[in-house]
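Starting from 1, each residue takes its place in the sequence as its number. In each ligand, atom 1 is the first atom listed, and ligand 1 is the first ligand listed. Everything quoted here is computed from the prediction, not taken from an experiment.
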Amino acid sequence: ATQDELKKQVGYKAVDDYVKSGMVVGLGTGSTAAFAVERVGQLLKEGKLTDIVAIPTSVRTKEQAEELGIPLTTLGTPESRFSKIDVAIDGADAVDPQLNLIKGGGGALFREKIVEECADKFIVIVDDSKMCDGLGPSFALPVEIAPFCWEHTMRAIAELPSLKGGKPQLRLGSSANNAVDGKDPAVTDNGLYIVDVFFDTPIADAPKAAAELKGLCGVFEHGLFCGMTTSVIIAGKDGISQKP
Ligand code: DER
């Protein structure tokens, strides 16, 4: 199976297994999550799912969901009862043995994190290339920062004790996704920049690194998702597995 077929398998399975009629669903961002969004739209159209309300984690997921006719809402509205999300389904850039994640390859890490924090269940969907022994070497850690004095913040990130050895790089591109295609800084849905921190060796203590990052003035959010995962559905050439 191609990597796309693996992504489709886990995207569809997550929806089939965890999304029930009447639920409030967090829709993730990225090429794997897009298959989960596609499946929700398909089941709604077929009448196999009814009265679903979804909360998108990025502008591009919102656009995909709108095209599919998936009813949307947001956490933002005061009258919104939708801070109680039943299940959120999203991809990841790296998954360690404790199911801690690196996310943010697609630049949507803040809205993903807040939606996934509000969800009763957070189901991660990956092809097996995302599994790793320690976070860092397989995928650079995205950190969303204020554009104002970004260079100072970038240097401060590199000096954090738990991120020793990390090499920070401002993400360039026409949009915040990981297509580095432009010479201007990529700008997220929140109007901020992203610094990607590259590691040769794994981050020894991800929760500690997460806390140190949030302690830095200028850091808005980061791509370490620690202790948040309910379950990971993994598609590999030998079929689909799940942890736990
Ligand atoms: O940007 C993100 O957090 C995405 O979910 C990313 O982590 C996974 O994207 P992919 O499914 O396209 O690899």
Side-chain angles (χ1 to χ4, degrees), residues 1-15 25-40 54-65 85 87-96 99-119 122-132 135-145 171 173-181 186-190 192-198 203 206 210 213 220-226 228-236 240:
T2 66
Q3 199 183 33
D4 241 22
E5 278 153 7
L6 296 180
K7 292 181 176 185
K8 179 170 183 173
Q9 285 171 20
V10 288
Y12 276 43
K13 180 169 174 54
V15 173
V25 184
L27 299 177
T29 296
S31 59
T32 313
F35 283 115
V37 176
E38 179 180 278
R39 183 63 168 171
V40 171
I55 296 174
T57 55
S58 64
V59 170
R60 58 190 186 280
T61 293
K62 178 173 179 285
E63 287 163 355
Q64 180 194 5
I85 297 171
V87 60
I89 299 172
D90 202 354
D93 295 299
V95 183
D96 79 1
L99 308 189
N100 290 327
L101 315 173
I102 282 184
K103 283 178 58 52
L109 61 104
F110 167 67
R111 297 189 188 189
E112 291 173 335
K113 192 178 274 190
I114 195 85
V115 165
E116 283 139 27
E117 251 182 24
C118 292
F122 173 30
I123 307 302
V124 179
I125 47 176
V126 293
D127 63 272
D128 55 1
S129 71
K130 307 296 187 61
M131 305 310 287
C132 69
L135 298 176
S138 64
F139 199 92
L141 170 63
V143 183
E144 190 166 358
I145 67 170
R171 186 180 295 185
S174 55
S175 69
N177 65 36
N178 40 12
V180 182
D181 49 12
V187 178
T188 67
D189 287 349
N190 311 303
L192 302 175
Y193 286 173
I194 287 191
V195 165
D196 291 302
V197 191
F198 294 80
I203 298 167
L213 279 163
F220 176 64
E221 195 45 72
H222 57 80
L224 287 171
F225 285 45
C226 299
M228 292 176 62
T229 305
T230 304
S231 186
V232 185
I233 307 178
I234 308 151
I240 292 186

Option set [options], criterion heavy-atom distance to [atom], minimum:
{"atom": "atom 8 (C) of ligand 1", "options": "Gly105, Ala92, Gly106", "answer": "Ala92"}
{"atom": "atom 7 (O) of ligand 1", "options": "Ile102, Val126, Ile125, Asp93", "answer": "Asp93"}
{"atom": "atom 10 (P) of ligand 1", "options": "Gly107, Ser31, Gly91", "answer": "Ser31"}
{"atom": "atom 2 (C) of ligand 1", "options": "Glu112, Lys113, Lys130", "answer": "Glu112"}

Close approach of Thr29 to ligand 1, heavy atoms, under 4.0 angstrom: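 In this structure, Thr29 qualifies as a contact of ligand 1 - some heavy atom is under 4.0 Å.
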Non-hydrogen atoms of [X] and [Y] that approach each other most closely:
{"X": "Ala235", "Y": "Leu6", "answer": "CB-O, 3.3 Å"}
{"X": "Ile234", "Y": "Val10", "answer": "C-CG1, 3.8 Å"}
{"X": "Thr29", "Y": "Ser58", "answer": "OG1-OG, 2.8 Å"}

Protein contact to atom 11 (O) of ligand 1 [nearest heavy atom, distance to 0.1 Å]: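 Of every protein heavy atom, Thr32 OG1, 2.7 Å lies nearest to atom 11 (O) of ligand 1.
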Within 6.0 angstrom of Lys62 NZ, more than 12 heavy atoms from elsewhere: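 No, not enclosed.
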Pairwise distance OG1(Thr32) to CD(Gln3) - rounded to 0.5 angstrom: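 Interatomic distance, Thr32 OG1 to Gln3 CD, rounded to 0.5 Å: 7.5 Å.
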Ala108, any N or O under 3.5 Å of ligand 1 N or O: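 No, no N or O pair falls under 3.5 Å.
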Atoms of ligand 1 close to Gly30 [distance to a heavy atom under 4.0 angstrom, numbered from 1]: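 It comes down to these atoms of ligand 1: 9 (O), 12 (O).
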Any donor-acceptor N or O pair under 3.5 Å, side chains Asp127, Ser129: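 The answer is yes; a qualifying pair exists.
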